[in-house]
Amino acid sequence: MIQTSIIQDLVYWIESHLEEPLNVKRVASKSGYSQWHLQRLFKDITGDSLAYYIRKKRLQSAASELKQSKRSIAEIAYQYQFDSQQSFTRAFKKMFSTTPSDYRYHS
């Protein structure tokens, strides 16, 4: 189905732009759909809301970065568009049930 193909292309585009500011308006303009239609279609096809998907992918990339680099947690948080280390830590702990520093040293 053409809509599935468009969402797959959009997922690839999102994953290549995780370190940039991404919001529904920007992603919708890239897709050619209205914000409302894109969010409904994205959820139907991926099972995740667009905002949740972006956050999940950012956190997964940040987790990988924590393991592979010696950069500070704050630097990684800002790289993946979190406003502060504290907001990053809260989101990270909610997704992975551990803090970024514990994940880095104990996983």
Side-chain angles (χ1 to χ4, degrees):
M1 185 170 207
I2 194 159
Q3 292 177 329
T4 302
S5 176
I6 290 169
I7 295 300
Q8 288 172 339
D9 290 345
L10 198 57
V11 161
Y12 177 78
W13 181 83
I14 288 167
E15 290 177 6
S16 339
H17 292 83
L18 291 174
E19 296 178 22
E20 300 172 17
L22 292 175
N23 57 34
V24 174
K25 185 177 182 179
R26 180 173 180 209
V27 177
S29 81
K30 174 71 179 159
S31 74
Y33 290 119
S34 71
Q35 293 177 40
W36 179 86
H37 185 68
L38 173 64
Q39 290 183 85
R40 185 184 62 73
L41 187 60
F42 195 90
K43 173 98 174 166
D44 287 348
I45 292 173
T46 67
D48 290 332
S49 72
L50 181 57
Y52 178 79
Y53 183 84
I54 292 169
R55 178 168 282 232
K56 175 176 74 172
K57 288 300 180 180
R58 283 180 169 159
L59 287 167
Q60 289 170 342
S61 294
S64 178
E65 185 79 22
L66 284 167
K67 287 292 194 184
Q68 297 173 7
S69 81
K70 299 288 186 204
R71 294 176 52 231
S72 74
I73 292 170
E75 288 175 313
I76 294 170
Y78 294 125
Q79 174 184 349
Y80 289 101
Q81 300 297 307
F82 286 86
D83 293 333
S84 67
Q85 182 176 341
Q86 291 80 14
S87 65
F88 172 70
T89 298
R90 274 192 305 276
F92 194 94
K93 189 167 185 179
K94 186 175 182 181
M95 178 164 279
F96 296 106
S97 300
T98 189
T99 63
S101 59
D102 284 347
Y103 182 87
R104 173 178 264 169
Y105 298 113
H106 300 289
S107 293

Which pair of non-hydrogen atoms, one from [X] and one from [Y], has the smallest distance, and what is that distance?
X: Ala77; Y: Ser84; answer: CB-O, 4.2 Å
X: Thr89; Y: Pro100; answer: CG2-CD, 3.7 Å
X: Leu22; Y: Arg26; answer: CD2-NH1, 3.7 Å

Are [X] and [Y] close enough that some pair of their side-chain heavy atoms sits under 4.5 Å apart?
X: Gln81; Y: Pro21; value: yes
X: Ile7; Y: Leu38; value: yes
X: Ile14; Y: Lys57; value: no
X: Arg104; Y: Lys67; value: no

Quick one: pull up [atom1] in [X] and [atom2] in [Y] and give me the separation to the nearest 0.5 Å.
X: Leu41; Y: Leu50; atom1: CG; atom2: CG; result: 10.5 Å
X: Ile73; Y: Ser101; atom1: CD1; atom2: OG; result: 4.5 Å
X: Ser31; Y: Gln3; atom1: OG; atom2: CD; result: 11.0 Å
X: Ser69; Y: Ile76; atom1: OG; atom2: CD1; result: 4.0 Å
X: Asp9; Y: Lys30; atom1: CG; atom2: NZ; result: 9.0 Å
X: Ser61; Y: Leu18; atom1: OG; atom2: CG; result: 5.0 Å

Practice task
State whether a side-chain donor-acceptor pair under 3.5 Å links Glu75 with Tyr80.
Solution key: no
**Q.** Ser64 versus Gln68, side-chain donor and acceptor atoms under 3.5 Å
**A.** yes
Verify the cluster assignment for [X] and [Y]: are they in a single hydrophobic cluster under the rule of side-chain heavy atoms below 4.5 Å apart?
X: Tyr78; Y: Leu66; answer: no
X: Met95; Y: Phe82; answer: yes
X: Ile2; Y: Tyr12; answer: no

**Request:** Any chance you could lay out the side-chain contact (heavy atoms from CB on, under 4.5 Å) test for Val27 and Phe42, step after step, and finish with the verdict?
**Result:** CA-CA 11 Å; Val27 177; Phe42 195 90; over 6 Å; no
By side-chain hydrogen bond (donor to acceptor under 3.5 Å, both in side chains), Asp44 pairs with (sequence neighbours left out) Arg40
Hits for side-chain hydrogen bond (donor to acceptor under 3.5 Å, both in side chains) against Tyr33, two or more places apart or cross-chain, chain-then-number order -> none
Quiz item: Are Lys43 and Asp48 within salt-bridge range, i.e. N to O under 4.0 Å?
Solution: no
Is it true that Arg58 and Glu19 have a side-chain N and a carboxylate O under 4.0 angstrom from each other?
no
Does the His17 side chain pair with the main chain of Trp13, one donor and one acceptor, at a distance under 3.5 Å?
yes
Residues pairing under salt bridge (charged side-chain N to carboxylate O under 4.0 Å, His left out) where one sits in residues 80-98, two or more places apart or in two chains, turn out to be none
* Asked: What is the ring orientation for Phe96 with Tyr103, classed by angle as parallel under 30°, tilted 30 to 60°, or perpendicular over 60°?
  -> tilted
